[in-house]
Amino acid sequence: MNRYDINSLNEQQKEALFQTEGVVLVTAGAGSGKTRLLTHRICYLLEKGVSPFNILAITFTNKATNEMKERVLQMCGKHLWISTFHSMCVRILREKIDLLDGFDKNFTIIAEADRDRILKDILKKYNLDEDERPRVIAHLENIKNKGLDITEYFCELKKIEKNKMYKFYEDICYDYEEYLHKNNALDFDDLLNRTLELFLTNKKVLQEYAQRFEYILVDEFQDTNLVQYKLIKLLSSVHKNLFVVGDEDQCIYSWRGANFQNIFNLQKDFKDVKTFKLERNYRSTKNILTLANNVIQNNNERMKKSLWTEKDAGDGPVVYNAFDERDEALFVSKTIEELVSEGYSYSDFAVLMRINALSRNVEEGLLAYQIPYKIYGGFKFYERAEIKNVLAYLSIFVNPKDEISLLKIINFPRRGIGEIAIKNLQEEANDKQVLEYLLSDKFKFSKYFSKLSKFVETYKSLSAQMNTLSVSDFVSKVLKEFGILNEFVGRDEESINRMGNIDSLLLSVEEYEKDAENPSLGEYLAQIMLKSDSDEIQENGFVSVATIHAVKGLEFKVVFILGLEEGIFPLARASFSVSEMEEERRLMYVAITRAEEKIFLIHASKRYMYGKSNFQKESRFLGELNIVDKKKPKIFGINTKQASESENFESGFEVGDKVFHMRFGFGQIVNISDDGFVADIKFENTGTKSLMLNLANLEKVEEDE
DNA sequence: AAGGTTAATGTTTAG
DNA sequence: CATTAACCTT
């Protein structure tokens with residue numbers, strides 16, 4: 001499957017592959033084998049004698065990076081520079097950021113939560129209301145996504161509209177930048193922007209990289225923002241061998257600055273761009289592709305293209321009108337169970353939704369049916385409280401200027417340093433960073449000395465050992481000597497959970513150490529900040545429950561799309577904007593094209609959300625799919641004919657009956673609902689479950705004593 | 001400074 | 001409903 005074999009490519013793919021020189025744009029529909037093309041092209045270049053050192057491949061997610069690395073290694077046994085934009089920039093900055101005034105290579109990468117906290121403090125300084133923050137963030141993101149100058153940006157805005165807040169926003173943006181600078185810290189956007197700045201201000205550095213990368217390949221080009229586009233342009237300025245693959249129909253990150261117009265800009269900025277179109281789909285059945293084509297043709301902002309396949313028609317889509325969210329979950333669970341009994345594996349399933357909030361209901365259903373699942377999207381590893389604290393401890397060793405981290409842990413474990421103490425310490429430190437002050441002789445005369453002397457001593461002693469110990473040994477020592485571990489010890493479930501998180505942190509350090517060429521704590525911290533829980537999506541033996549954003553680039557045999565209701569998918573706010581509605585539609589297109597064999601489209605008539613039960617209108621997208629041959633679901637949730645007629649059900653079971661269930665094993669009925677449908681059954685090994693007697697496959701067990 | 005109680009508030013989210 | 005920030009009490 002992953003062997004290098006150019007003949008396994010189709011004609012269009014081959015043409016694109018052989019066009020190694022110059023700027024090449026491949027518009028590749030979903031499932032048209034673009035990863036295959038990319039990996040083959042890399043191997044082809046290597047075979048032609050290009051050194052792996054001179055190739056750069058950029059992907060959108062860590063998962064795609066890992067996969068491509070693995071495939072290239074498998075196919076041609078070579079390691080090369082394959083990474084996401086962000087990790088590429090980290091790598092460049094860790095080598096060269098010294099050239100930017102005030103920064104050094106031990107910079108801290110700060111998360112969004114940190115940014116929010118910093119902005120909160122700044123807003124307070126200006127006596128501005130908390131709810132100004134989203135507006136400031138919007139401006140800040142706008143500036144950073146486009147790589148603009150703060151002053152110029154607001155200048156332009158003021159020309160269009162008079163708003164006296166702009167002056168404040170401008171000052172706040174500058175304060176924020178200054179704060180990060182003082183802390184030797186970069187946020188995610190800065191990683192890209194500072195690299196761009198580096199290239200623009202240091203021609204020699206740019207030259208070094210542009211000279212090196214003879215061939216550059218970029219995947220998911222439609223989701224690049226302007227800064228990323230500029231970076232690519234600069235990096236390919238010497239050799240001008242740029243190969244980009246994209247599909248404007250799959251641009252689903254424009255709310256974050258992604259601009260699929262970059263596809264068209266490319267044709268303007270480089271003359272003589274060779275373009276190729278891949279429309280043959282290798283992933284899905286005809287029926288599924290028809291749905292995808294039908295829905296996306298409602299968008300105007302796109303180039304016309306239409307996917308086709310030589311695969312069979314396959315199963316038609318199943319539309320299920322669930323009674324409510326519980327019914328939806330039940331339908332999903334039962335369908336999965338049925339299909340598993342037919343031979344599907346759990347990892348063949350994706351349960352997709354527009355918003356994370358829907359995952360909880362499905363979770364309950366899957367849990368009840370004992371279907372192994374993993375939820376992706378939402379939470380990041382470093383966002384867990386314990387992890388955050390430990391990482392903050394580590395960070396102040398790597399980057400002593402990192403006051404954001406210091407303040408996070410200065411009172412953890414408790415040292416009697418509260419808000420006021422912190423303020424005083426900052427004052428005492430004068431214009432120094434607090435940690436620098438704590439380490440100075442002057443601090444001995446502070447009234448906080450007694451409270452913090454042990455902390456300072458431990459810091460000094462560990463700091464001296466940092467370079468002699470391995471990264472993992474150092475981390476263990478930090479955990480122990482600052483008394484962090486003691487904080488997490490306990491017998492309750494929460495403590496056990498926390499310890500588990502700490503364990504997985506240690507494990508990730510060890511894993512990093514094993515793979516890294518030159519392991520260092522600084523590099524470890526940088527890469528952990530770029531990790532997300534979606535990196536390991538589609539794990540063997542588990543159903544993937546995820547947002548559509550999280551499954552970009554993946555494929556599943558069976559796909560469920562939940563919550564196909566107006567207000568959820570498409571989101572309510574999209575109704576006011578044509579471009580946002582088109583993005584929702586692209587999202588729908590992405591969701592459908594994940595499916596290889598079967599697709600289930602579900603909308604509930606009633607949905608409980610945010611503490612309220614609402615009647616839901618079915619999504620406009622369902623209509624746009626133009627389903628001719630409506631297939632009735634074979635399986636129902638609770639919304640069966642019997643159930644909706646609300647007659648009583650005669651199951652033949654009674655309270656006290658011993659029963660056997662295929663999955664849950666032996667159990668005893670402890671209660672049956674008045675209408676006879678639902679039985680609470682206490683299973684020997686798996687606890688009490690509520691099952692529908694008309695549907696659950698229960699056997700009566702006779703007692704033989 | 002810590003812990004408990006009340007009130008507010010619900011776009012998506014990679015790196 | 002469930003989470004989280006803000007507030008209040010000790």
Side-chain angles (χ1 to χ4, degrees), chain A residues 58-65 83-91 109-113 115-117 120 130-131 133-134 137-138 141 144-145 186-193 195 219-220 223-225 227-228 252-258 325 352-361 364 376-383 385 410-422 451 526-535 537 546-553 563 567-577 580 583-584 586-588 590-591 607-614:
Chain A
I58 299 172
T59 59
F60 189 72
T61 61
N62 289 319
K63 177 163 173 95
T65 293
S83 73
T84 61
F85 271 105
H86 289 83
S87 56
M88 172 186 87
C89 290
V90 167
R91 203 161 147 183
I109 301 171
I110 67 154
E112 256 126 11
R115 178 192 66 187
D116 293 354
R117 229 215 58 228
K120 194 177 152 188
E130 255 296 291
D131 35 298
R133 195 168 64 191
I137 290 173
E141 278 180 346
K144 294 198 174 194
N145 282 332
L186 278 71
D187 63 25
F188 289 126
D189 293 329
D190 287 342
L191 294 175
L192 308 174
N193 275 300
T195 308
D219 193 10
E220 307 274 13
D223 277 317
T224 51
N225 67 25
V227 176
Q228 292 166 329
I252 55 174
Y253 282 101
S254 55
W255 50 273
R256 213 172 56 188
E325 72 285 342
L352 305 182
M353 54 211 88
R354 178 63 180 87
I355 51 175
N356 263 315
L358 298 193
S359 66
R360 172 145 296 158
N361 305 316
E364 275 167 25
Y376 301 96
F379 228 72
K380 286 169 190 152
F381 184 66
Y382 59 78
E383 275 173 349
I410 198 161
N411 202 31
F412 175 85
R414 270 169 219 133
R415 300 186 179 97
I417 303 290
E419 220 177 306
I420 293 153
I422 287 175
K451 282 179 170 171
Q527 61 106 44
I528 198 98
M529 289 307 289
L530 299 181
K531 268 200 167 158
S532 84
D533 64 352
S534 302
D535 296 351
I537 199 166
T547 57
I548 298 160
H549 285 93
V551 291
K552 184 181 167 99
I568 293 181
F569 195 9
L571 281 179
R573 55 170 296 164
S575 304
F576 306 109
S577 145
E580 280 184 53
E583 176 132 332
E584 296 288 309
R586 290 195 290 270
L587 210 42
M588 181 67 182
V590 168
R607 188 177 292 278
Y608 198 76
M609 251 181 114
Y610 305 135
K612 257 197 280 186
S613 197
N614 295 311

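Below, read A as the first sequence line, B as the second, and so on, with proteins coming before strands; counting in each chain starts at 1.
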Open item on the list: Taking E130(A) first and then K120(A), would you say they form a salt bridge - that is, a charged N and a carboxylate O separated by under 4.0 Å?
Closed with: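 K120(A) and E130(A): not salt-bridged.
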Under the 3.5 angstrom rule, does the side chain of [X] hit a backbone N or O of [Y] as a donor-acceptor pair?
X: K451(A); Y: G416(A); value: yes
X: N356(A); Y: T547(A); value: no
X: D187(A); Y: D190(A); value: yes
X: E584(A); Y: A574(A); value: no
X: E325(A); Y: N361(A); value: no

Open item on the list: Using heavy-atom distances to pick each residue's nearest nucleotide on DNA chain B, tell me which of M529(A) and A357(A) is more 5'.
Closed with: A357(A)
TODO: Report the residue (Q228(A) or G416(A)) whose heavy-atom-nearest nucleotide on DNA chain B is the more 5′ of the two.
DONE: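 The 5'-side residue here is G416(A).
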From C-beta outward on [X], which listed nucleotide comes closest to its side chain: [options]?
X: F188(A); options: dG15(B), dT12(B), dA14(B); answer: dG15(B)
X: Y610(A); options: dT11(B), dG3(B), dT12(B); answer: dT11(B)
X: R414(A); options: dA14(B), dT13(B), dG3(B); answer: dG3(B)
X: N411(A); options: dA2(B), dT12(B), dA14(B); answer: dA2(B)

Could you tell me how far apart [X] ([atom1]) and [N] ([atom2]) are, to the nearest whole angstrom?
X: L358(A); N: dT11(B); atom1: CG; atom2: P; value: 12 Å
X: Y376(A); N: dG15(B); atom1: OH; atom2: C1'; value: 18 Å
X: Y253(A); N: dT12(B); atom1: OH; atom2: P; value: 13 Å
X: I58(A); N: dG15(B); atom1: CD1; atom2: P; value: 14 Å
X: I420(A); N: dA2(B); atom1: CD1; atom2: C1'; value: 13 Å
X: R354(A); N: dG10(B); atom1: CZ; atom2: P; value: 17 Å

Side-chain N or O of [X] versus OP1/OP2 of [N]: is the shortest distance under 4.0 Å?
X: N356(A); N: dT13(B); answer: yes
X: R256(A); N: dA14(B); answer: no
X: T84(A); N: dA14(B); answer: no

TODO: For dA6(C) and dT11(B), measure between their C1' atoms and round to the nearest Å.
DONE: 24 Å
Contact class for [X] vs. all strands (heavy atom < 4.0 Å): base, sugar-phosphate, or nothing?
X: E419(A); result: sugar-phosphate
X: L191(A); result: nothing
X: F85(A); result: nothing

Protein-nucleotides 4-8 of chain C N/O pairs under 3.5 Å:
residue	atom	partner	partner atom	Å
dA6(C)	OP2	K120(A)	NZ	3.4

Open item on the list: Using 30° and 60° as the class boundaries, would you call the ring planes of H549(A) and W255(A) parallel, tilted or perpendicular?
Closed with: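 Judged by the thresholds at 30° and 60°, the geometry between H549(A) and W255(A) is perpendicular.
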Open item on the list: For the residue pair K531(A) and Y382(A), would you count it as a cation-pi contact if the rule is NZ or CZ under 6.0 angstrom from the ring centre and within 45 degrees of the ring axis?
Closed with: no
Open item on the list: Determine whether a donor-acceptor pair (one donor, one acceptor, N or O, separation below 3.5 Å) exists between the side chain of R360(A) and the base of dA2(C).
Closed with: no
